[in-house]
Novice: 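A single structure is presented below for examination.
Keep in mind the model is a prediction, meaning the values are calculated, not measured.
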Amino acid sequence: QVQLVESGGGLVQAGGSLRLSCANQGRPSSTFSMGWFRQAPGKEREFVAGISRNGVVTDYDDAVKGRFTTSRNNAKNILYLQMSSLKPEDTAIYYCAFTANGQNYYVTKNRNLYDYWGQGTQVTVSS
């Protein structure tokens with residue numbers, strides 16, 4: 001089965017940067033639309049960024065637009081989230097997710113449409 005593993009989280013001061021990675025260590029290794037979500041204590045899991053199967057279409061939540069960039073390396077089956085100008089309100093557990101909808105230009109913000117999830121990586125931004 002698909003097994004998504006996130007890495008790259010940690011503690012950073014406000015204004016700093018982190019790059020998260022998500023790798024599929026299971027099977028199949030096919031490329032599909034993927035997304036990043038985050039969940040802070042006491043809050044619902046929310047959409048952060050998404051990218052289509054072919055990498056052409058991306059979408060971002062307004063709270064991170066202009067600061068975060070998602071990309072993918074399909075040859076290595078790795079998804080990235082480059083985070084810059086981090087703010088304390090970015091503190092959360094970050095999850096990558098995978099949808100079996102394989103249309104080339106498909107991206108969705110709806111967490112209920114994602115089929116597989118990683119275990120998450122903690123990002124903490126200090127004041």
Novice: Checking S52 against N54: is there a side-chain donor and acceptor pair closer than 3.5 Å?
Specialist: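 The criterion, which ignores hydrogens and geometry beyond distance, is satisfied for S52 and N54.
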Novice: Would you say that Y106 contacts R53 through its side chain, given a criterion of any heavy-atom pair below 4.5 Å between the two side chains?
Specialist: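 Counting from C-beta outward, Y106 and R53 never come under 4.5 Å.
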Novice: Who are the side chain to side chain donor-acceptor pair (under 3.5 Å) partners of S126, not counting sequence neighbours?
Specialist: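 Testing S126 for side chain to side chain donor-acceptor pair (under 3.5 Å), a comparison that skips the adjacent residues, returns none.
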Novice: Please report the interatomic distance CG(N77) to CG(N24), rounded to the nearest 0.5 Å.
Specialist: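 These two atoms lie 6.0 Å from each other.
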Novice: Might you work through the side chain to side chain contact (heavy atoms under 4.5 Å, CB included) test for T91 and Q122, ending with a clear yes or no?
Specialist: CA-CA 8 Å; T91 296; Q122 177 71 47; 4.0 Å; yes
Novice: Find the distance between CZ (F47) and CG (N110) and round it off to the nearest 0.5 Å.
Specialist: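 Here the rounded value is 10.5 Å.
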Novice: Any chance you could pull the hydrophobic cluster mates of L86, using side-chain heavy atoms under 4.5 angstrom and chaining through other members?
Specialist: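 Listed partners: V2, L4, V12, L18, L20, F32, M34, W36, V48, I51, Y60, V64, F68, L79, L81, M83, Y94, F98, Y116, V123, V125.
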Novice: Return the CD to CD distance between E46 and E44, rounded to the nearest 0.5 Å.
Specialist: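 So the gap between those two atoms works out to 9.5 Å.
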Novice: Nearest 0.5 Å, please: how far is CD in Q119 from CD1 in I93?
Specialist: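 Answer rounded to 0.5 Å: 10.5 Å.
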Novice: Among D90, T121, D61, whose side chain to side chain donor-acceptor pair (under 3.5 Å) with R38 holds?
Specialist: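 Of the listed residues D90, T121, D61, the side chain to side chain donor-acceptor pair (under 3.5 Å) partner of R38 is D90.
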Novice: Rounded to the nearest 0.5 Å, how far apart are OH of Y95 and CZ of R45?
Specialist: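 Rounded to the nearest 0.5 Å, the OH-CZ separation comes out at 7.5 Å.
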Novice: Work out which heavy atom in Q82 is nearest to a heavy atom in S17; give both atom names and the distance.
Specialist: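 Smallest interatomic distance, heavy atoms only, reads NE2-CB, 4.1 Å.
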Novice: Any side-chain to backbone donor/acceptor pair from Y114 onto T108? Under 3.5 Å, distance only.
Specialist: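 Yes; judged by distance alone, with no hydrogens or angles, the pair exists.
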Novice: How long is the span from the CD atom in E6 to the SG atom in C22, to the nearest 0.5 Å?
Specialist: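 Between atom CD of E6 and atom SG of C22 there are 5.0 Å.
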Novice: Is the closest side-chain heavy-atom distance between W117 and R111 below 4.5 Å?
Specialist: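 Yes - at least one pair of side-chain heavy atoms lies under 4.5 Å apart.
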Novice: Not counting sequence neighbours, which residues clear side chain to side chain donor-acceptor pair (under 3.5 Å) with R19? List them please.
Specialist: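 Scan of R19 (side chain to side chain donor-acceptor pair (under 3.5 Å), adjacent residues dropped) gives none.
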